[in-house]
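Atoms within a ligand are numbered from 1 in the order they appear, just like the ligands themselves.
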Amino acid sequence: MYQTLLTALDNGIFSITINRPDKLNALNKSVFDELNLALDEVQSNTEIKSVYITGAGEKAFVAGADIGEFGGLDKEAAMAMAKKGQDTFFRIENSSKPVIAAVNGFALGGGCELAMACHFRVAAENARFGQPEVNLGLIPGYGGTQRLTQLIGKGRSIELLITGNMIDAASALQFGLVNYVVPLAELINKTRSLMQLINSKAPIAVGKCIECANLAVSGAGGSGGGGIGVGGFAREVEAFGECFITEDKKEGTAAFLEKRKAQFKGK
Ligand code: COA
């Protein structure tokens, strides 16, 4: 069905593999178009509980936006390109179904930005992260200046942005950019085992956790003069109430009291 992606659904876990290994999985226009179609599928298919994104081959997750498509763009066209990338990555970030990046090699430029738009990251030992756009006379355009700063702090972020340096998986772990570093051969197993755990939880509650956590670090968290994330606190109160009237809340609390495993339905 897709030319630039491989997808598979297994036991509620949907995998999206960016599949241009000869170009280190660089993100061209077709990849973005197909990523959006895959995200439509994630939204509409109730069999899909969670998603992981990885890259084909053993060398790269994604080595960036496809530099071959940069020629001849004027300012407006370049802005439209950045906007399309940002909109696609907002869809990932705001997905109520968890999206995890399984980073199997270079995650550079748009690849690092794609990984950062995911809800969290599991890295293989050979993963390398960086925003090398300054080497091209450019800056990140798919949210990199914002998410890198949110994830690793301003000093470290600005250093990476203005040196274009790459960091290895161990540094990414130390900086909090990734949650785990595992041998490449174990990357997908580790990712899937985390997803199986998440898939056993109440899906509505999982979605609302993501929504509220996003509000803590987005402009939408809004301060209203009262501090970062005040809008997130208000939304948390409301979402907490919304969970209370779900069937899954009844099932979860009953299962606890009856000392059995809860069977959640996402209702
Ligand atoms: N866009 C388009 N093509 C890319 C690409 C990108 N971002 N990154 C890699 N490729 C292509 C290379 O042009 C090469 O294609 P070719 O075989 O047709 O010449 C192929 O992928 C393999 O890459 P190569 O550079 O030969 O591999 P390497 O092991 O020597 O170096 C990298 C790996 C990742 C260090 C290097 O490819 C690189 O610096 N890529 C660009 C990273 C970048 O600047 N990303 C931000 C873009 S905004």
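Listed by number with element, the atoms of ligand 1 under 4.0 Å from a non-hydrogen atom of Ala26 are 1 (N), 2 (C), 6 (C).
With no hydrogens or angles considered, no side-chain donor-acceptor pair links Asp33 and Ser30 at under 3.5 Å.
Across Thr246 and Ile204, no two heavy atoms sit closer than the pair CG2-CD1, 3.9 Å.
The same ILVMFWY cluster, assembled from side-chain heavy atoms under 4.5 Å apart, contains both Ile100 and Ile188.
There is no protein heavy atom less than 4.0 angstrom from atom 12 (C) of ligand 1. Within a 4.0 Å radius of atom 30 (O) of ligand 1, the protein has no heavy atom. Counting protein heavy atoms under 4.0 angstrom from atom 21 (O) of ligand 1 gives one or more. Inside a 4.0 Å radius of atom 36 (C) of ligand 1 there is not any protein heavy atom. Protein heavy atoms come within 4.0 Å of atom 16 (P) of ligand 1.
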- Message: Walk me through whether Ile53 and Ile92 qualify under side chain to side chain contact (heavy atoms under 4.5 Å, CB included).
- Response: CA-CA 10 Å; Ile53 301 179; Ile92 293 171; 4.1 Å; yes
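What sits closest to atom 7 (N) of ligand 1 on the protein, heavy atoms only, is Ala65 O, 2.9 Å. Atom 2 (C) of ligand 1 has as its closest protein heavy atom Asp66 OD1, 3.3 Å. Remark: minimum distance from atom 44 (O) of ligand 1 to any protein heavy atom is reached at Pro132 CG, 3.5 Å. Scanning the protein for heavy atoms near atom 45 (N) of ligand 1, the closest one is Ala63 O, 3.0 Å. For atom 38 (C) of ligand 1, the closest non-hydrogen atom on the protein side is Leu108 CD1, 4.8 Å. Among protein heavy atoms, atom 24 (P) of ligand 1 sits closest to Leu24 CD1, 4.5 Å.
For Glu69, the CD atom is densely surrounded, since the number of other residues' heavy atoms within 6.0 Å is greater than 12. By the 6.0 Å contact criterion, CD on Glu47 is open, its count of non-hydrogen atoms from other residues, nucleotides or ligands being 12 or less. Counting non-hydrogen atoms of other residues, nucleotides and ligands closer than 6.0 Å to CD of Gln146 gives a total of 12 or fewer.
Of the residues Asn126, Thr17, Asn25, Thr54, the one that meets the side chain to side chain donor-acceptor pair (under 3.5 Å) test with Asn104 is Thr54.
Annotation: Lys23 places an N or O atom under 3.5 Å from an N or O atom of ligand 1; distance criterion only. Checked against a 3.5 angstrom limit, the closest N/O atoms of Ile67 and ligand 1 fall inside it. The shortest N or O to N or O distance between Gly68 and ligand 1 is not below 3.5 Å.
A donor-acceptor contact shorter than 3.5 Å links the side chain of Glu113 to the backbone of Gly144. Here the side chain of Lys97 pairs a donor or acceptor atom with the backbone of Ile48 at under 3.5 angstrom.
Sequence neighbours left out, the pairs with a member in residues 122-172 that pass ring pair (Phe, Tyr, Trp, His ring centres under 6.0 Å) are Phe32-Tyr142, Phe89-Tyr142.
Using a 4.0 Å cut-off between heavy atoms, Asp22 contacts ligand 1 through its backbone alone, with no side-chain atom that close.
For Lys59, the closest heavy-atom approach to ligand 1 falls below 4.0 Å.
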